[in-house]
Amino acid sequence: MQLIKKTDHLDRYLLRIEEEVNDELALLLEFGPDYFETHELYSFLHQLDDQTEKVFFLRRMLVSTGFIVVICLSTAIYSFMTDHLFFGYVFLFFIPLFAGLSAMILYRFQRRFTTYRFTDHLRTLIETEIEIRSKDISIF
């Protein structure tokens, strides 16, 4: 039984290392745009656009679940004040449910988009490198 747990942890560590190595935007951030070809830089720009769209969707989901938690809390307080205990407890039940949903969204956001906070920096790096390469080609 102990052997299974050790290999399970090892598999998780190997998967985490593999995910970090396959994150091309993190590699671009670490090594710079000089090591990549132009068509790869264009694909990185498309990846950044896709990443920002997904992040905006996750943010909207997070704001909406937070809004639902606030509404459930206020409705539960109002129900307790007006002696409708059943409805108050029902709405109190939904608060941890939606709070857990928002925590799951935050966890997925942090896990999936590790380079999101550097999006503007990456975009300027890529665009300046593409501009420099296009000027070098036009000279010849």
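The closest side-chain heavy-atom distance from Glu40 to Glu37 is below 4.5 Å. Considering only heavy atoms from C-beta on, Ile130 comes within 4.5 Å of Leu45 through its side chain. The side-chain heavy atoms of Leu28 and Pro33, taken from C-beta on, include a pair separated by under 4.5 Å.
When the side-chain hydrogen bond (donor to acceptor under 3.5 Å, both in side chains) test is applied to His84, the partners found at least two apart in sequence or on another chain are Thr82. Considering only residues two or more places apart in sequence or on other chains, Phe80 meets the ring pair (Phe, Tyr, Trp, His ring centres under 6.0 Å) condition with Tyr89. Not counting sequence neighbours, the partners of Glu129 by the side-chain hydrogen bond (donor to acceptor under 3.5 Å, both in side chains) test are Arg133. With sequence neighbours left out, Val90 forms a side-chain contact (heavy atoms from CB on, under 4.5 Å) with Phe86, Phe94. Taking Gln47 as the reference, Glu24 meet the side-chain hydrogen bond (donor to acceptor under 3.5 Å, both in side chains) condition, with sequence neighbours excluded. Applying the side-chain hydrogen bond (donor to acceptor under 3.5 Å, both in side chains) criterion to Arg59, with sequence neighbours excluded, gives no partner residue. The side-chain contact (heavy atoms from CB on, under 4.5 Å) test applied to Leu106 returns Leu62, not counting sequence neighbours. Listed by chain and residue number, Asp136 satisfy the side-chain contact (heavy atoms from CB on, under 4.5 Å) test with Ile132 (two or more places apart in sequence, or in another chain). Glu53 meets the salt bridge (Lys or Arg N to Asp or Glu O under 4.0 Å) test with no other residue; sequence neighbours excluded.
When every heavy atom of Ala76 is checked against every heavy atom of Gly88, the shortest pair comes out as CB-O, 3.6 Å. For Val69 against Ala99, the heavy-atom pair with the smallest separation is CG2-N, 3.8 Å. Of all heavy-atom pairs spanning Leu41 and Ile126, the tightest one is O-CG2, 3.6 Å.
Linking ILVMFWY side-chain heavy atoms closer than 4.5 Å, directly or via other members, places Phe87 and Met81 in a single hydrophobic cluster. No continuous path of ILVMFWY side-chain contacts below 4.5 Å connects Val70 to Phe98, so the two sit in separate hydrophobic clusters. The hydrophobic cluster containing Phe93 does not contain Ile71, counting ILVMFWY residues as joined when their side-chain heavy atoms lie under 4.5 angstrom apart, directly or transitively. Connection of Leu92 to Leu97 is established within a shared hydrophobic cluster, with ILVMFWY side chains joined at heavy-atom distances below 4.5 Å, either directly or through further cluster members.
Judged as a side chain to side chain donor-acceptor pair (under 3.5 Å), not a single pair has a partner in residues 67-80 (not counting sequence neighbours). Pairs engaging residues 43-74 under the ring-ring contact (aromatic ring centres under 6.0 Å, His included) rule: Phe36-Phe44 [sequence neighbours left out]. Listed by first and then second residue, the salt bridge (Lys or Arg N to Asp or Glu O under 4.0 Å) pairs that reach into residues 116-128 are Asp49-Arg123, sequence neighbours excluded.
Between the CD1 atom of Ile68 and the CG atom of Leu73 there is a distance of 13.5 Å, given to the nearest 0.5 Å. Annotation: the span from Ile105 atom CD1 to Thr65 atom OG1 amounts to 4.5 Å, rounded to 0.5 Å.
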